[in-house]
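Throughout, a chain's letter reflects where its sequence line sits, starting with A, and its residues are numbered from 1.
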Number of protein chains: 2
Amino acid sequence: MLVSEMAETHSLRLPERRRPRRTQVERRAETRARILAATIESINEIGYQRTTSAEITRRSGVTWGAVQHHFGGKDGILGAIVEDSFNDFSAGLAEAFESLPRKTSLPRRIGTFVDAAWEHFGSARYRASFEILLADSVSREARAEPERNDLSWQNEILKAWTRIWHRLFPELDLGRRRTLMIQHYTISTLSGLASLQLLAGKPPPFLRDELELLKKTLAREFRGAGSGNGKED
Amino acid sequence: MLVSEMAETHSLRLPERRRPRRTQVERRAETRARILAATIESINEIGYQRTTSAEITRRSGVTWGAVQHHFGGKDGILGAIVEDSFNDFSAGLAEAFESLPRKTSLPRRIGTFVDAAWEHFGSARYRASFEILLADSVSREARAEPERNDLSWQNEILKAWTRIWHRLFPELDLGRRRTLMIQHYTISTLSGLASLQLLAGKPPPFLRDELELLKKTLAREFRGAGSGNGKED
DNA sequence: CATTTTACATAGTACGTGCAATGAAAATGG
DNA sequence: CCATTTTCATTGCACGTACTATGTAAAATG
């Protein structure tokens with residue numbers, strides 16, 4: 001389905017007052033959102049390669065001039081998608097943390113944590129980000145461009161992850177090394193689920209059980225890791 | 001490093017008898033291997049996008065005519081990589097199974113299984129296959145080409161996986177649904193590790209520990225799943 | 001209402017990419 | 001040693017893609 005059909009499907013039948021005098025910020029926000037949505041949709045439906053500039057304009061219903069104005073170019077769209085995805089992810093984790101009553105049991109905290117994380121990794125936007133980063137990051141180091149964009153998103157995402165982690169599970173003391181290992185394992189599994197969904201074209205059939213299995217694994221690793229048990233390396 | 005430098009680094013200094021009268025099968029095998037190796041290397045180093053036909057000929061040291069002759073075109077190379085990767089994977093698992101003495105303990109069997117599986121998922125060839133499939137499979141369903149190539153590699157890989165699985169762990173009876181779930185979970189984690197390695201550009205720092213954690217998880221799930229315990233859905 | 005700024009539209013273009021077409025060299029087989 | 005097949009090399013080209021350049025409409029500003 002084309003994004004352009006979402007908001008103005010019947011606009012052809014109502015030619016009177018087609019544009020009800022929208023304000024600039026409204027226009028700006030809507031076209032930006034349409035471009036981003038169209039790009040994400042296209043990447044998920046036909047893949048990164050085939051998501052061309054023409055395809056984006058076709059799906060979004062806007063012209064290339066709009067893209068140029070708002071994002072500068074195609075790279076601008078892709079960068080914005082990755083950035084938004086990451087920001088919403090941090091916000092979502094923080095929100096899940098806030099909405100949790102004080103002194104919730106460890107398994108329950110793990111549950112909400114994994115669920116909130118999957119809210120991110122399971123989204124179409126993350127899948128798009130994944131393809132974008134994959135297509136971009138590998139080639140970036142070849143060009144020897146050390147920084148330029150979001151100064152190594154990897155460190156950023158790891159930092160945010162660790163921050164939330166420590167706030168959610170303050171009593172844990174597994175040692176820095178083991179903590180990072182379990183974090184990386186969790187990300188691997190969740191991102192792996194997302195990437196397999198990309199390859200299969202449909203969500204994993206046993207998704208819920210797999211998330212439960214991950215929770216169980218985390219719970220097991222956390223058990224017996226109360227304050228003071230960790231050994232730093 | 002260029003693949004073309006591997007075998008004929010000093011050939012410029014020994015112009016006499018440059019080509020010691022190789023047989024056809026030798027020539028064929030070598031150039032094919034060089035092309036495949038160059039493509040895999042390129043995908044891992046500079047990414048799928050930048051792995052152009054020119055880049056492949058540059059790294060392999062052969063011309064486009066050779067590629068055309070052996071693979072028909074670029075798609076031929078990519079397809080061969082995926083196919084070879086999958087075949088070697090099945091062979092590797094089977095071999096690991098054969099080399100295992102009768103009545104090995106369950107944890108040890110799990111260990112060799114995970115290690116053998118990572119031998120596959122951790123290889124540069126798999127990472128290349130992953131990018132190829134990602135770039136190709138998503139766009140294929142958009143073009144509505146139901147079969148054509150290896151008739152849904154997904155089913156094939158799942159079948160082979162299940163086949164080995166049942167030979168390695170014949171006493172398990174978790175029920176079909178739960179078995180498939182755990183398989184998918186294992187693939188997700190391993191493939192996730194591989195994809196994160198692609199994004200990071202370097203192998204995961206805690207790889208060994210993460211594999212151990214996966215083994216532990218599997219062992220725990222298998223425990224108490226002797227013959228007759230499974231419940232079919 | 002006039003002016004300035006912002007938001008979008010249209011047409012043309014430079015460039016990379018994969019490949020077709022053709023030919024030469026190398027090996028095989030008699 | 002010759003004919004045939006296999007293997008590899010060269011050149012030119014059609015095509016898609018992202019983008020530049022420039023023009024127009026719409027909203028803000030006073």
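Atom P of nucleotide D:dT6 and atom CZ of B:R32 are separated by 15 Å, given to the nearest angstrom. Residue B:I56 contributes atom CD1, which lies 18 Å from atom P of C:dG16 at whole-angstrom precision. Rounded to an integer number of Å, the gap from CZ of B:R50 to P of C:dG16 is 11 Å. Atoms CD (A:Q49) and P (C:dT17) sit 13 Å apart, rounded to a whole Å. Residue A:R28 contributes atom CZ, which lies 15 Å from atom C1' of D:dA26 at whole-angstrom precision. Atom P of nucleotide C:dC19 and atom CG of B:L78 are separated by 9 Å, given to the nearest angstrom. When the P atom of C:dA9 is taken as reference, atom CZ of A:R58 falls 16 Å away, rounded to whole Å. Separating the NE2 atom of A:H70 from the C1' atom of C:dA7 is a distance of 6 Å, rounded to the nearest angstrom.
Using a 4.0 Å cut-off between a side-chain N of Lys or Arg and a carboxylate O of Asp or Glu, B:K215 and B:E210 do not qualify as a salt bridge. A salt bridge is absent between A:E131 and A:R127: the closest approach of a Lys/Arg side-chain nitrogen to an acidic carboxylate oxygen does not fall below 4.0 angstrom. Salt bridge status for B:R34 with B:E30: present, with a side-chain N to carboxylate O gap under 4.0 Å.
One finds no side-chain N or O of B:T31 lying less than 4.0 angstrom from the OP1 or OP2 phosphate oxygen of D:dT7. Phosphate proximity of C:dC19 to B:S53: absent, as no side-chain N or O sits under 4.0 Å from OP1 or OP2. Close to C:dA26, at under 4.0 Å from its OP1 or OP2, lies no side-chain N or O of B:R27.
Around atom CD of A:E119, no more than 12 heavy atoms belonging to other residues, nucleotides or ligands sit under 6.0 Å away. Crowding of A:E26 atom CD: a count of heavy atoms from other residues, nucleotides or ligands under 6.0 Å exceeding 12.
Comparing C:dG18, D:dT7, D:dA28 by their nearest atom to the side chain of A:Q24 picks out D:dA28. In the set C:dA27, D:dT20, C:dT10, the nucleotide with an atom closest to the side chain of A:Q68 is D:dT20. The B:H69 side chain lies nearest to D:dC8 when the options are C:dC8, C:dT17, D:dC8.
Ranked by how close their nearest DNA chain C nucleotide is to the 5' end, A:A66 and B:A54 are led by A:A66. In terms of position along DNA chain C, the nucleotide closest to B:G73 lies nearer the 5' end than the nucleotide closest to the other residue of the pair B:G73 and B:V25.
Figure legend: cation-pi geometry between A:K74 and A:Y48, with NZ or CZ positioned under 6.0 Å from the six-membered ring centre and within 45° of its axis.
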Exercise for the section: Would you give a per-nucleotide map of nucleotides 11-16 of chain D, 5' to 3', where B means the base has a protein non-hydrogen atom under 4.0 Å away, S means only the sugar-phosphate does, and - means neither? Expected result: ------
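Under the ring-ring contact (aromatic ring centres under 6.0 Å, His included) criterion, A:Y185 pairs with no residue, sequence neighbours left out.
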